Amino acid sequence: MSGLDPATLVLGAGAAAVAAPLAAAGLLQFESRRANPRPPAVAALVVTVLSGFMMLSTWSATPQTFSRGDRLGGGAAFHVDGVTATMLPFVAGCLLLVFATVPRRMLSAGMTTWCLAGAAATFGLFLTAHPILVLALSAMGAGAVWRATRDHPGGRPAARVYAFVMGASLVCAAAGTAMMLADPPWESGCGWVGTAGGWLVALAVVVREGLFPFHVWVPMLFAGAPLPIALLATVPQVGSYAAIRLLLGHADGVAQELVALALLGPATAVYGAALALVQRDLCRLIGTLAFSQSALVLAGLAGTLPMELAGGLCVWIASGLSLTGIGIVAAALEGRAGSLRLDLPQGRFWDAPALAAFFLLFGLAGIGLPGTLSFVADDLIIAGSLAEHLHCGILVILSTVFAGIAVVRGWFGIFGGPPTVDAPRHAILPRERIGCAVLLAVIFGLGLFPRPLVQTLAQACVPLLRHPTVAPSPVHHVPPGVPLR
Amino acid sequence: MSLLAAVLEPERTHDLVAALVVAQLAAPALALLGIGIPPLLGRPLSERTTSRLVGTGFATAFLAALVMFGVLAGRGFAPETVHLGTWFSFDRHAATIDLVADGLSVPYVCFSTGLCLLVNAFAGRYLHREPGFTRFFVLLAVFGTGMNLMVLAGSFDVLFAGWELIGISSTLLIGFFHERPNAVRAAIRAFVTYRICDVGLLAASVVAHTAVGSGDFDRLFHGGWPDATCLVPAAPATLLALLLIFATLGKTAQVPFTGWLPLAMEGPTPSSAIFYGALSIHAGAYVLLRCEPLLQAAPLAGWLLVTIGSVTAAHANAVGRVQTDLKSMLAYGSMAQAGLIFVEIGLGWRVVPLVHVVSHAILRSLQILRSPSALHDRHTLVAALGGQPGAGRSWTDRLPQAWRLAIYRLALDRGYEEMAVARLVVEPFRRLVDRLDAWERAGADWLGDLRLRGPRDREPLP
């Protein structure tokens with residue numbers, strides 16, 4: 001291993017990360033009557049997680065951009081930088097925990113196949129900066145989510161809404177990308193075509209991220225789709241990734257469309273958190289919290305300081321971890337008791353006290369509980385955005401206030417109230433306990449000892465704020481500190 | 001004496017003070033981990049082990065606090081800042097863990113850990129065989145850790161972390177008997193109040209970073225408590241002071257956030273005693289005492305504090321008189337005293353409010369801890385006196401009948417404060433958000449029902 005070239009190692013790890021879930025999806029498609037799709041899915045995602053960590057360790061040892069293949073508009077077909085090295089293992093780890101813990105009844109072979117195919121497309125997306133590949137892989141991921149939702153009993157309304165929204169997003173993204181390629185804003189002297197293209201891509205990001213007023217698909221997806229699919233559609237934050245690849249590093253400074261996104265993100269976060277206060281069922285509560293928290297990521301993308309960007313990426317990870325934990329607990333509860341309403345206290349505490357504790361901790365971990373990663377993330381993003389956008393800091397504060405109230409209200413709604421005497425009693429399963437404990441350890445570990453993660457994000461963010469370049473060689477390494485233009 | 005002073009010089013005792021400060025924070029935190037992790041892993045500890053572990057944590061913290069008190073007293077309470085390192089940093093922004101040992105924090109931490117230790121001992125028997133026994137002690141340990149963090153904080157960041165832990169443990173203890181709908185409602189209401197007021201503390205932290213580039217107290221103030229002076233210019237100092245006052249209104253149950261406190265008595269008696277009789281109710285007063293130089297630099301804030309405190313004291317005094325249960329009456333008693341402490345702080349006094357806080361907290365927590373035995377105590381008193389004790393005359397007896405009736409009605413309706421807040425703030429906000437949610441659902445349902453391929457596009461049966 002030590003004799004291998006880092007670029008080859010990263011390339012191999014990237015290939016394995018995409019190939020493993022794709023192979024598992026193919027296997028499940030071939031054996032469509034397979035009784036339990038969990039083992040191949042978990043095995044594939046373990047391979048992806050290990051590949052991701054190998055990529056992260058290689059990149060951390062030599063923090064540089066690895067790129068290979070055809071280049072277009074400043075992005076290579078195979079492109080691994082700090083964002084990829086950090087986000088790929090994080091997303092794969094979240095999906096692994098979900099597949100390892102959700103109740104068996106939620107894992108049909110068809111849904112697992114589509115989810116793994118979508119995951120492979122998402123991992124592929126993280127490995128590229130090529131605009132057309134970004135677009136194509138994003139479309140493939142959305143297609144897999146749509147198909148799995150459509151096949152889910154009762155999921156067709158959600159699938160229709162998702163199809164409308166994603167269709168609009170893809171059309172905007174395709175048109176915008178074409179215009180940006182025709183009149184590249186990565187080069188100075190960009191005209192109105194490139195600028196309009198940038199705004200179209202920003203609109204696509206707004207729709208894809210579920211920013212106001214295009215957010216309705218998120219709670220609907222959580223209510224209508226299987227949980228792994230809903231998490232696959234939201235945790236990777238494909239819209240934010242596209243914004244990083246297509247809208248960051250323009251030649252004429254920070255793109256105005258990014259500034260607009262940065263304003264809309266915190267406003268959506270406040271709006272979503274306020275909506276979460278009045279939700280009447282658990283799935284929609286998770287959905288509103290999901291788009292509220294993920295919207296904060298965009299607050300950091302418009303910054304000229306690496307700290308703002310790092311804050312955004314940190315929020316990305318913190319909210320994803322928290323959302324995954326809440327999702328796992330919600331799936332475990334709904335696997336036992338069916339859909340849970342919040343109008344009246346459901347009295348589920350004595351049914352599963354450990355799940356109650358995990359739900360509360362995951363919920364609080366998403367709203368800035370001291371000692372968790374979200375506390376660090378909020379601190380970074382508030383401190384980062386203060387220098388330029390004071391109102392963003394205020395909106396972030398308001399959103400955490402509302403989201404905190406929504407989480408506690410949701411917790412008391414599910415677990416408070418007299419015990420339901422006719423309900424069956426189920427203790428937490430060992431795989432659920434282990435999954436939740438591991439996730440909790442990661443959240444608190446990164447929250448109490450955040451320096452390695454913050455340093456990694458710092459290294460990842462600095463090159464992103466520089467302009468990309470079109471390099472003639474098929475493989476090149478860009479050492480840190482060297483200007484790219 | 002000169003030998004003692006030489007031995008206790010700050011240069012010589014810095015490492016000792018740092019170790020003691022760490023012990024005060026680490027002891028309850030380790031106890032929390034010790035009793036919190038096993039239940040999550042499916043191996044809950046026995047009642048005795050649970051209460052002993054938490055008790056050991058508090059006892060260690062208390063002993064460390066006493067030793068630190070002795071060391072600091074020996075050198076005239078010269079303040080000492082303990083830098084525990086940088087939590088994380090990015091460019092110029094650094095989240096440092098600074099703790100302060102001075103004439104305010106050290107006596108206060110002695111008093112708070114001592115009370116936690118006593119309540120721990122009381123609760124070990126009081127909650128015997130209670131299904132939520134372990135949960136209570138976990139939350140008590142969270143509270144103890146948060147309290148020590150807040151009291152010893154040397155910056156707004158650390159102070160906020162402790163403040164949040166206090167708020168969350170308080171909420172979950174109010175809702176301890178979560179099978180009762182009233183307990184759930186009371187817990188949510190308290191948490192809503194806390195979170196709204198937390199905006200003040202977070203915004204104060206933001207303003208401090210903007211004004212002086214840091215949230216560390218040694219960048220905001222010069223000198224040790226109680227003689228510290230403000231380093232912040234007048235305008236941001238006024239803003240900071242106003243934000244801090246807003247932040248403290250919630251936890252200290254001052255007007256217009258008084259309604260949650262009597263409801264909070266739904267929690268178990270030991271937690272009511274330590275939270276609403278002793279420590280949590282005075283957390284706001286502590287924060288104001290810590291940031292007192294800001295109030296000195298902002299006379300407007302001082303007068304606002306006096307006004308709020310006076311109104312709250314009068315309100316709580318009147319409303320407390322018409323309560324029909326003992327714990328509510330004690331809650332209003334706590335509120336009135338907290339109002340008076342606000343007045344004292346607003347008037348610029350420094351040591352008097354601290355003494356008031358400590359003495360009131362000790363008395364009130366004793367009263368609340370004894371409240372389940374109130375009837376027994378009363379019978380004992382009657383038996384000892386050989387008859388009913390005579391009721392004392394109140395100043396209200398001298399008022400005209402019409403005034404007394406008006407005050408009585410006002411007190412019965414809790415000064416119309418809750419009604420006003422509900423009608424003017426809560427209901428309009430809830431209606432607005434409900435309406436927005438309904439519109440969104442209708443729009444999403446319409447979009448979800450659109451069929452591009454006609455009626456053949458049927459749902460599979462669930």
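Per chain, numbering begins at 1; letters A, B, ... match sequence-line order. Keep in mind it's a predicted model, so treat the numbers as computed, not measured. Values reported hereafter were calculated over all heavy atoms of this structure, with side chains retained and with hydrogens, waters and symmetry mates removed.
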**Nearest non-hydrogen partners of B:Arg441 and A:Asp281, listed with the distance** = NH2-OD2, 4.3 Å
**Request:** Measure across B:Ala444 and A:Val161 and return the closest heavy-atom pair with its distance rounded to 0.1 Å.
**Result:** O-CG2, 3.7 Å
Measure the spacing between [atom1] of [X] and [atom2] of [Y] and express it to the nearest 0.5 Å.
{"X": "B:Glu440", "Y": "A:Leu275", "atom1": "CD", "atom2": "CG", "answer": "5.0 Å"}
{"X": "B:Ile188", "Y": "A:Ile405", "atom1": "CD1", "atom2": "CD1", "answer": "10.0 Å"}
{"X": "B:Leu447", "Y": "A:Phe164", "atom1": "CG", "atom2": "CZ", "answer": "5.0 Å"}
{"X": "B:Asp198", "Y": "A:Ile397", "atom1": "CG", "atom2": "CD1", "answer": "10.5 Å"}
{"X": "A:Phe444", "Y": "B:Leu33", "atom1": "CZ", "atom2": "CG", "answer": "9.5 Å"}
{"X": "A:Leu360", "Y": "B:Ile168", "atom1": "CG", "atom2": "CD1", "answer": "8.0 Å"}

Segment of [X] engaging chain B (4.5 angstrom heavy-atom cut-off):
{"X": "A:Ala437", "result": "side chain"}
{"X": "A:Leu440", "result": "side chain"}
{"X": "A:Leu355", "result": "neither"}
{"X": "A:Ile434", "result": "neither"}
{"X": "A:Thr400", "result": "both"}

When heavy-atom pairs shorter than 4.5 Å are enumerated against chain A, which of [options] gives the highest number?
{"options": "B:Gly162, B:Pro131, B:Gly146", "value": "B:Pro131"}
{"options": "B:Asp445, B:Ile196, B:Leu436, B:Leu165", "value": "B:Leu436"}
{"options": "B:Arg195, B:Arg430, B:Arg180, B:Arg135", "value": "B:Arg195"}
{"options": "B:Leu172, B:Val138, B:Ile37", "value": "B:Leu172"}

**Asked** Is there a donor-acceptor pair closer than 3.5 Å between any side-chain N or O of A:Arg433 and the backbone N or O of B:Leu40?
**Response** yes
**Message:** Looking at A:Arg431, I'd like to know if its CZ atom is crowded, meaning that more than 12 non-hydrogen atoms belonging to other residues, nucleotides or ligands lie closer than 6.0 Å.
**Reply:** yes
**Message:** Test salt bridge (charged side-chain N to carboxylate O under 4.0 Å, His left out) on B:Asp434 and A:Arg280; report intermediate values, then the result.
**Reply:** CA-CA 11 Å; B:Asp434 260 334; A:Arg280 295 184 179 84; 3.4 Å; yes
**Distance flag, aromatic centroids of A:Phe402 and B:Phe429, threshold under 6.0 Å** = yes
**Message:** Just checking A:Phe375 against B:Trp87, ring centres under 6.0 Å apart?
**Reply:** yes
**Asked** Which answer fits B:Asp437, side chain, backbone, both or neither, if we ask what part of it has an atom under 4.5 Å from a heavy atom of chain A?
**Response** both
**Prompt:** Only one of A:Phe415, A:Phe412, A:Trp350 clears ring pair (Phe, Tyr, Trp, His ring centres under 6.0 Å) with B:His178; which?
**Reply:** A:Trp350
Considering only heavy atoms and a distance below 4.5 Å, find which of [options] pairs most often with chain B.
{"options": "A:Ala274, A:Gly416, A:Gly417", "answer": "A:Gly417"}
{"options": "A:Ala158, A:Gly311, A:Ala354, A:Gly404", "answer": "A:Gly404"}
{"options": "A:Leu448, A:Leu457, A:Leu277, A:Val165", "answer": "A:Leu448"}
{"options": "A:Gln279, A:Arg409, A:Gln455", "answer": "A:Gln279"}
{"options": "A:Val216, A:Val408, A:Ile394", "answer": "A:Val408"}

**Request:** Please tell me if the side chains of A:Leu364 and B:Glu164 come closer than 4.5 Å, counting only heavy atoms from C-beta onward.
**Result:** no
